[in-house]
Protein chains: 2
Amino acid sequence: MSPTAQVISIGGRQARCENCGHIGSCMARDADNPEASGRHDIPVVPRIVHRGEHLFRAGESFENVYVVRSGAVKTYVISSQGDVHVTGFHLPGDLVGADAIASGQHVCSAEALDTCSICVLPFDRLTALCMRSPTVQLRLLKHLSSTIVRDEALLLRLGQRTAEQRLAAFLLEQAERRRVQGYSPYEVNLAMSRADIGSYLALAVETVSRILTRLQEHDIITVQRNRIRIRDLAALEALAEEAPPSRRAAAH
Amino acid sequence: MSPTAQVISIGGRQARCENCGHIGSCMARDADNPEASGRHDIPVVPRIVHRGEHLFRAGESFENVYVVRSGAVKTYVISSQGDVHVTGFHLPGDLVGADAIASGQHVCSAEALDTCSICVLPFDRLTALCMRSPTVQLRLLKHLSSTIVRDEALLLRLGQRTAEQRLAAFLLEQAERRRVQGYSPYEVNLAMSRADIGSYLALAVETVSRILTRLQEHDIITVQRNRIRIRDLAALEALAEEAPPSRRAAAH
DNA sequence: CGATATATTGAAGACTATCAACTACTGTGG
DNA sequence: CCACAGTAGTTGATAGTCTTCAATATATCG
């Protein structure tokens with residue numbers, strides 16, 4: 001296998017791993033172990049996915065996991081009754097599709113919210129690499145683990161928080177992700193629709209809309225379609241952190 | 001390391017791996033690879049934990065993952081405001097504590113609901129074993145993956161189901177687990193309190209109680225404290241599967 | 001057997017969903 | 001370039017579900 005076979009160029013720019021901002025956490029190559037590199041690395045196949053297109057759909061057989069390199073992806077599940085529930089929004093650096101490991105079939109569907117660049121990692125190659133690279137193994141385990149943590153944090157919010165608290169926490173989460181990516185945390189561009197947000201937070205679309213309006217009336221945020229400006233971070237944090245309507249604890 | 005060093009006996013009975021019902025899915029030894037066994041296996045330290053005692057608490061540094069061998073364990077998180085939320089109930093065969101992989105600190109606490117036998121697996125030993133045994137590696141990944149699936153299924157239910165539907169689904173889940181363990185699925189012994197159930201399903205204790213009563217009045221179940229008998233499985237399933245109050249889908 | 005925790009039941013009120021109407025954007029085609 | 005259609009978002013009124021508070025009953029443990 002020649003070295004260049006590991007880097008497949010699409011459109012001639014940015015598709016090279018060398019230019020990728022996530023190489024430090026990449027699971028396709030063991031950056032900490034350069035001399036082993038080239039033997040153990042997985043041929044990465046970056047793929048451009050357009051808004052509305054799917055990475056995979058629930059029920060499809062599990063072959064690959066996907067890493068978002070740029071753009072935004074939503075994952076959702078469909079219950080036996082046909083109702084849709086968004087389970088997450090995934091930004092650059094995120095791993096998508098690993099929940100299929102257990103059953104060998106994708107349990108959720110993944111759809112691009114805008115134009116995305118996606119690294120497709122064949123799962124068998126990834127596990128093989130894990131066998132040789134403790135670094136990559138730990139990265140994979142940490143990814144799975146943090147998905148669990150995120151899901152459980154969401155469970156906590158859905159269960160014990162009012163609509164306003166949930167939405168405030170959601171906006172802060174978006175802002176934080178912007179910050180991590182090096183952008184201003186006060187300017188959030190929502191790639192998803194109100195319906196998606198509502199589904200994710202278990203709220204009706206109308207409720208999402210109403211609360212955004214209310215937050216704007218209180219001068220906490222400015223809403224312009226999908227462009228949110230956070231004007232009073234402290235107030236937003238206060239809303240999100242507010243004590244929930246007194247739930248008696250289950251203790252021994 | 002002598003072979004017997006891998007089996008630490010507690011109380012002289014049932015602590016030997018040979019008697020363990022979960023050896024086929026055990027992560028401490030590679031049962032599919034007997035000749036490698038003895039070299040790669042992890043010394044298992046079974047531990048007896050009594051009702052109310054903790055396996056670990058949120059914030060503690062992450063050293064081990066835990067496998068429930070017998071008994072029942074609940075995991076819960078505490079928000080910054082101090083409110084408690086139960087994130088799961090764990091029965092024999094379940095892996096607990098892996099959500100700490102990401103941060104190196106436990107994010108939830110795990111408390112025994114009754115007397116439990118727990119296998120303590122040092123995480124560094126486990127990852128080392130994973131490097132050598134694809135079988136064990138896949139088991140670990142599948143465990144993490146199925147935790148994600150479970151959490152997301154719960155998210156779906158919390159978000160889009162009424163209290164009655166959630167509780168019906170919960171009872172069916174308990175029954176199913178009984179069945180898998182070889183017991184009658186119609187006789188469910190709830191190891192957890194109403195408060196725990198309420199916290200898990202994001203319902204007030206009173207609501208849980210009321211709905212159990214209602215189900216009993218409809219001759220669907222019989223409630224005797226923590227002993228639930230399912231009298232009309234079909235009706236219970238119908239309740240759980242019932243279409244949610246029409247949520248408009250978010251589609252392109 | 002008494003004390004405390006757990007569970008049940010009732011009444012009132014809050015939050016959010018639902019239904020309905022309307023507005024604003026997006027993109028397409030004439 | 002503008003008009004139109006269709007989608008997405010907003011706003012208002014009403015109703016339902018579940019929480020909260022309060023009181024009582026039942027179980028558990030010392």
Side-chain angles (χ1 to χ4, degrees), chain A residues 50-52 74 83-86 113-114 157-168 190-217 221-228 239 242-252, chain B residues 50-52 74 83-86 113-114 157-168 189-199 201-217 221-228 239 242-252:
Chain A
H50 296 283
R51 176 192 166 93
K74 75 171 176 188
D83 54 306
V84 176
H85 189 217
V86 173
L113 290 168
D114 50 19
R157 272 183 287 177
L158 258 51
Q160 320 226 340
R161 295 288 193 273
T162 66
E164 193 174 66
Q165 292 173 315
R166 287 182 225 172
L167 199 49
L190 300 176
M192 70 294 288
S193 69
R194 301 286 192 274
D196 286 334
I197 298 173
S199 176
Y200 179 64
L201 298 176
L203 297 173
V205 193
E206 296 92 330
T207 305
V208 175
S209 195
R210 260 184 264 275
I211 290 175
L212 286 177
T213 306
R214 196 193 306 164
L215 293 178
Q216 186 167 226
E217 283 168 350
I221 62 173
T222 304
V223 182
Q224 269 182 304
R225 192 77 171 166
N226 288 337
R227 187 173 223 86
I228 309 276
L239 280 182
E242 209 162 75
S246 94
R247 183 78 44 108
R248 288 175 290 281
H252 284 285
Chain B
H50 296 284
R51 176 192 165 93
K74 74 170 176 188
D83 53 307
V84 176
H85 189 219
V86 173
L113 289 168
D114 50 18
R157 273 183 287 178
L158 259 50
Q160 321 226 339
R161 293 289 192 273
T162 66
E164 193 174 66
Q165 291 174 316
R166 286 182 224 172
L167 199 49
N189 262 358
L190 300 177
M192 68 295 287
S193 68
R194 301 287 192 274
D196 287 334
I197 299 174
S199 176
L201 298 176
L203 298 173
V205 192
E206 295 93 327
T207 306
V208 174
S209 197
R210 261 185 264 274
I211 290 175
L212 286 178
T213 306
R214 196 193 307 164
L215 292 178
Q216 186 167 225
E217 283 168 351
I221 62 174
T222 305
V223 183
Q224 270 183 303
R225 193 72 174 171
N226 288 337
R227 188 173 223 85
I228 309 276
L239 280 182
E242 210 162 74
S246 95
R247 183 78 44 109
R248 290 176 289 281
H252 283 285

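- When the salt bridge (Lys or Arg N to Asp or Glu O under 4.0 Å) test is applied to Arg214(B), the partners found at least two apart in sequence or on another chain are Glu164(B).
- The distance from atom CZ of Arg51(A) to atom C1' of dT26(C) is 10 Å, rounded to the nearest whole Å.
- Taking atom CG on Asn226(A) and atom P on dA24(C), their separation rounds to 17 Å, with Å as the unit.
- Arg210(B) is linked by a side-chain hydrogen bond (donor to acceptor under 3.5 Å, both in side chains) to nothing, counting only residues two or more places apart in sequence or in another chain.
- For the pair Gln160(A) (side chain) and Ser199(B) (backbone), a donor-acceptor distance under 3.5 Å is absent.
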Check: protein-nucleotides 10-17 of chain D nitrogen or oxygen pairs below 3.5 Å:
unit_1: dT10(D); atom_1: OP1; unit_2: Arg194(A); atom_2: NH2; d: 3.3
unit_1: dT10(D); atom_1: OP2; unit_2: Arg194(A); atom_2: NE; d: 2.9
unit_1: dT10(D); atom_1: OP2; unit_2: Ser209(A); atom_2: OG; d: 2.6
unit_1: dT10(D); atom_1: O5'; unit_2: Ser209(A); atom_2: OG; d: 2.8
unit_1: dT11(D); atom_1: OP2; unit_2: Thr213(A); atom_2: OG1; d: 2.5
unit_1: dG12(D); atom_1: N7; unit_2: Arg210(A); atom_2: NH1; d: 2.8
unit_1: dG12(D); atom_1: O6; unit_2: Arg210(A); atom_2: NH2; d: 3.2

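- With sequence neighbours excluded, the residues that form a side chain to side chain contact (heavy atoms under 4.5 Å, CB included) with Asp114(A) are Ala72(A), Cys116(A), Ala191(A).
- In this entry the distance linking CG of Leu201(A) with P of dA17(C) reads 11 Å, nearest Å.
- Rounded to whole Å, the distance from CG on Leu158(A) to P on dA17(C) is 11 Å.
- Formation of a donor-acceptor pair under 3.5 Å by the Gln165(A) side chain with backbone atoms of Thr162(A) is found in this model.
- Atom CD of Gln216(A) is separated from atom C1' of dG9(D) by 13 Å (rounded to the nearest Å).
- Protein atom CD1 of Ile197(B) is 13 Å distant from nucleotide atom P of dT6(C), rounded to whole Å.
- Of all non-hydrogen atoms in Ala163(B) and Thr207(B), the two that sit nearest each other are CB-CG2, 3.8 Å.
- Contacts of Arg157(B) classified as salt bridge (Lys or Arg N to Asp or Glu O under 4.0 Å), with partners at least two apart in sequence or in another chain: Glu173(B).
- Rounded to whole Å, the distance from CD on Gln224(A) to C1' on dT23(C) is 17 Å.
- Minimum heavy-atom separation, Leu215(A) to Leu239(A): CD2-CD1, 3.4 Å.
- For the helix from dC1(C)-dG30(D) to dG30(C)-dC1(D), the rotation axes defined at the first and last 5 base pairs enclose an angle of 40°, given to the nearest 10°.
- Nearest heavy atoms, Leu158(B) versus Arg166(B): O-NH2, 3.4 Å.
- The interatomic distance linking Glu242(A) (CD) with dC15(C) (P) rounds to 11 Å, in whole Å.
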